[in-house]
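Below you'll find the structure, written out as structure tokens, and then a few comments.
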Amino acid sequence: PTMSGRILVVDDDEAMCAMLTQGLGKRGFAVTARTDAAAAFELLAEDDFDVVVTDLNMKGLNGLELCERVVANRPNVAVVVITAFGSLDTAIAAIRAGAYDFITKPIELDALRMTLDRAVRHRALTDEVRRLRRAVAAARGFDELIGASPAMTAVLDLVARVAETDASVLLTGESGTGKERVARSIHRRSRRADGPFVAINSAAMPEHLLESELFGHTRGAFTDARGARSGLFLQASGGTLFLDEIGELPLGLQPKLLRALQEHTVRPVGADTEIPFDARVVAATNTDLEAAIEARRFREDLYYRLAVVHLALPPLRARAGDVLLLAQHFIDKIAAQLGKHVTGLSPAAAEKLVTYTWPGNVREVGNCIERAVALTRFEQLTVEDLPEKVRAYQPRHVVVVADSADELVPLHEVERRYILRVLEAHDGSRTLAAQTLGLDRKTLYRKLKGYGVDGE
């Protein structure tokens, strides 16, 4: 189908202008004609057009000079030049001057229509790339926390406010939502920005090593303690201590962490005295801590000490519109790293990205775009550059009413789809899903286990 667009025709032959105006108008374009190139250039300064179609051989300002001026002053407007048949040298000169394309006389209107369709589409894509780059540049002012959706705007507002305090912060959200990036943003925007940012994964080591890592130890405190060592609480003094995967903290360490947060002191392993520290604590988890409290795997008093400010990061499927912003951000970043000239996404690829649900969230978008940029042979990423699971994804639907018996499914399948949909709507929270479904948690866990979904 023809792309609608505004076309400025420039030719000192009035009959040619009339023919192109009428012919292109019938083919869906809004056409304005001028018989003087200088007058046409002045009109461009006052009005907006998608494409300029100009003859090369004109009195006064010729088509090649007009092309050069348009490219220099209105680079987002495509120029298509008309040249005499067989005048290859002139056509090459026009392309070097920045023309989008050229056509030869005698003009075939359907061929010209196809050229203009491509030019109008090129203009639209160029404008979209610029818009995305402006949005990404604005987002980089917030430590590369990219997002313009209401859900992400609320997160950015809370980050800006909590950064001004020393309150402990608990970040929750699915894996890949950017919890550590948010923690670093809080640190950089705080009065502690000049101090250290120290991070540790609470699930990465056994309990006795984790205790020594957090609180330090004295010489001889255990077999391998050949010298005294200060823990991360002391190393983070004047800055921020980030406790990742806090939901996996061993139960035996939780009272010691609670005391450290309450008293702002730590006792190294093997020491008799406590040492004060001055570090702001930000913790993060992708587990349901309320469920862990019910299961007595996490202390309720520690939860409230950590969650003085609770910041829940939304999954990407709840951030409508942010997927393309993130994709453009990663395209710019990865293309620069790889030294490739990749400017953006084709419309078909963008549609696939928007349709996909991104269970791996922002991290998965980054991996997808890195693969696509590495493999693409074009300036814009195409559907073929995307991973197979993104290309082949089909949205899930619960069919309750159908026109054909073939579309109907057994009752247990309807229940399965609905339970998974409710769980997805509550961002994976088993507690909230159970409340919505009117089930107790044990029943929901049993059903999810039967569906092959981890009840924990």
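- Between the CD atom of Q254 and the CZ atom of R297 there is a distance of 10.0 Å, given to the nearest 0.5 Å.
- Side-chain N or O atoms of H187 include one that pairs as donor or acceptor with a backbone N or O of G195 at under 3.5 Å.
- When all heavy atoms of G247 and T285 are compared, the pair lying nearest together is N-OG1, 3.7 Å.
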Hey, can you pull the donor-acceptor pairs under 3.5 Å for the side chains in residues 228-235, sequence neighbours left out?
unit_1 : atom_1 : unit_2 : atom_2 : d
R229   : NH2    : E213   : OE2    : 3.4
Q235   : NE2    : S230   : O      : 2.9

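- Judged by distance alone, with hydrogens and angles left aside, the side-chain atoms of R74 form a donor-acceptor pair with the main-chain N or O of L44 at under 3.5 Å.
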Mind running side chain to side chain contact (heavy atoms under 4.5 Å, CB included) on F29 and R6 for me, showing each step along the way?
CA-CA 6 Å; F29 297 102; R6 299 193 64 198; over 6 Å; no

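- The side-chain heavy atoms of V383 and E351, taken from C-beta on, include no pair separated by under 4.5 Å.
- Annotation: side chain of E211 is not in contact with side chain of H208 (no heavy-atom distance under 4.5 Å).
- A pairwise comparison of heavy atoms in C67 and A99 identifies SG-N, 3.7 Å as the closest pair.
- Side chain of R391 to backbone of L386: a donor-acceptor contact under 3.5 angstrom is found.
- The CG atom of L313 sits 11.0 Å away from atom CG of N286, with the distance rounded to the nearest 0.5 Å.
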Show your working on side chain to side chain contact (heavy atoms under 4.5 Å, CB included) between L210 and I200 and close with a plain yes or no.
CA-CA 9 Å; L210 182 58; I200 185 172; 3.5 Å; yes

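- Here the closest non-hydrogen pair linking V308 and S168 is CB-O, 3.4 Å.
- Two residues are said to be in side-chain contact when any heavy atoms from C-beta on lie closer than 4.5 Å; I186 and V169 meet this criterion.
- More than 12 heavy atoms of other residues, nucleotides or ligands sit less than 6.0 Å from atom CD of E294.
- The side-chain hydrogen bond (donor to acceptor under 3.5 Å, both in side chains) analysis of residues 313-323, with sequence neighbours excluded, yields the pairs S149-D322, E174-R317, R319-D322.
- A 4.5 Å side-chain heavy-atom check between R416 and L420 finds at least one atom pair inside the cut-off.
- In the displayed structure, R96 atom CZ is contacted under 6.0 Å by at most 12 heavy atoms of other residues, nucleotides or ligands.
- Remark: R27 engages D110 in a salt bridge, criterion side-chain N to carboxylate O under 4.0 Å.
- With rounding to the nearest 0.5 angstrom, the OG1 atom of T32 is 9.5 Å from the CD1 atom of I7.
- From F215, atom CZ reaches atom CZ of R267 across 11.5 Å, with rounding to the nearest 0.5 Å.
- Looking at D117 and R113, a side-chain N of the basic residue comes within less than 4.0 Å of a carboxylate O on the acidic one, giving a salt bridge.
- K26 pairs by the side chain to side chain contact (heavy atoms under 4.5 Å, CB included) definition with Q22, not counting sequence neighbours.
- No hydrogens or angles considered: nothing links the side chains of T431 and S429 as a donor-acceptor pair under 3.5 Å.
- No donor-acceptor pair closer than 3.5 Å links the side chain of E207 to the backbone N or O of P250.
- Distance alone, capped at 3.5 Å, is enough to place a donor-acceptor pair between the W358 side chain and the L353 backbone.
- Qualifying side-chain hydrogen bond (donor to acceptor under 3.5 Å, both in side chains) partners for E364, counting only residues two or more places apart in sequence or in other chains: Y356, K389.
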Walk me through it: do I246 and L170 pass the test side chain to side chain contact (heavy atoms under 4.5 Å, CB included)?
CA-CA 9 Å; I246 192 65; L170 177 63; 4.1 Å; yes

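- In this structure, the side chain of D101 does not engage the main chain of V80 through any donor-acceptor pair within 3.5 Å.
- Of the possible donor and acceptor atoms, one in the side chain of S346 sits under 3.5 Å from a partner among the backbone N and O of L381.
- With hydrogens and angles ignored, the 3.5 Å screen pairs no side-chain donor or acceptor of S190 with any backbone N or O of E164.
- Between A203 and E248, the closest heavy-atom pair is CB-CB, 3.5 Å.
- A pairwise comparison of heavy atoms in T265 and E274 identifies OG1-OE1, 3.0 Å as the closest pair.
- To the nearest 0.5 angstrom, R181 atom CZ is 13.5 Å from L171 atom CG.
- Counting heavy atoms from C-beta outward, R192 and F197 have side chains that stay 4.5 Å or more apart.
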With side chain to side chain contact (heavy atoms under 4.5 Å, CB included) as the test, would you mind laying out the steps for R123 and V77 before giving the verdict?
CA-CA 7 Å; R123 162 76 186 273; V77 177; 4.1 Å; yes

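- N361 contributes no side-chain N or O that, together with a main-chain N or O of R363, makes up a donor-acceptor pair within less than 3.5 Å.
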Donor-acceptor contacts under 3.5 Å from residues 335-342 side chains, at least two apart:
unit_1 : atom_1 : unit_2 : atom_2 : d
K340   : NZ     : V373   : O      : 2.8
K340   : NZ     : A374   : O      : 3.3
K340   : NZ     : T376   : O      : 2.8

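- Of the charged side-chain nitrogens involved, at least one lies within less than 4.0 Å of a carboxylate oxygen, so that R299 and D301 count as a salt-bridged pair.
- Considering every non-hydrogen atom in both E180 and A199, the closest pair reads OE2-CB, 4.3 Å.
- R280 contributes a side-chain N or O that, together with a main-chain N or O of T165, makes up a donor-acceptor pair within less than 3.5 Å.
- To the nearest 0.5 Å, atom CD1 of residue I419 and atom CG of residue L444 are 6.5 Å apart.
- Side-chain atoms of H264 and D278, non-hydrogen and from C-beta on, never get closer than 4.5 Å to each other.
- The ring-ring contact (aromatic ring centres under 6.0 Å, His included) test applied to F298 returns no partner, not counting sequence neighbours.
- Heavy-atom neighbours of M114 CE from other residues, nucleotides or ligands within 6.0 Å: at or below the threshold of 12.
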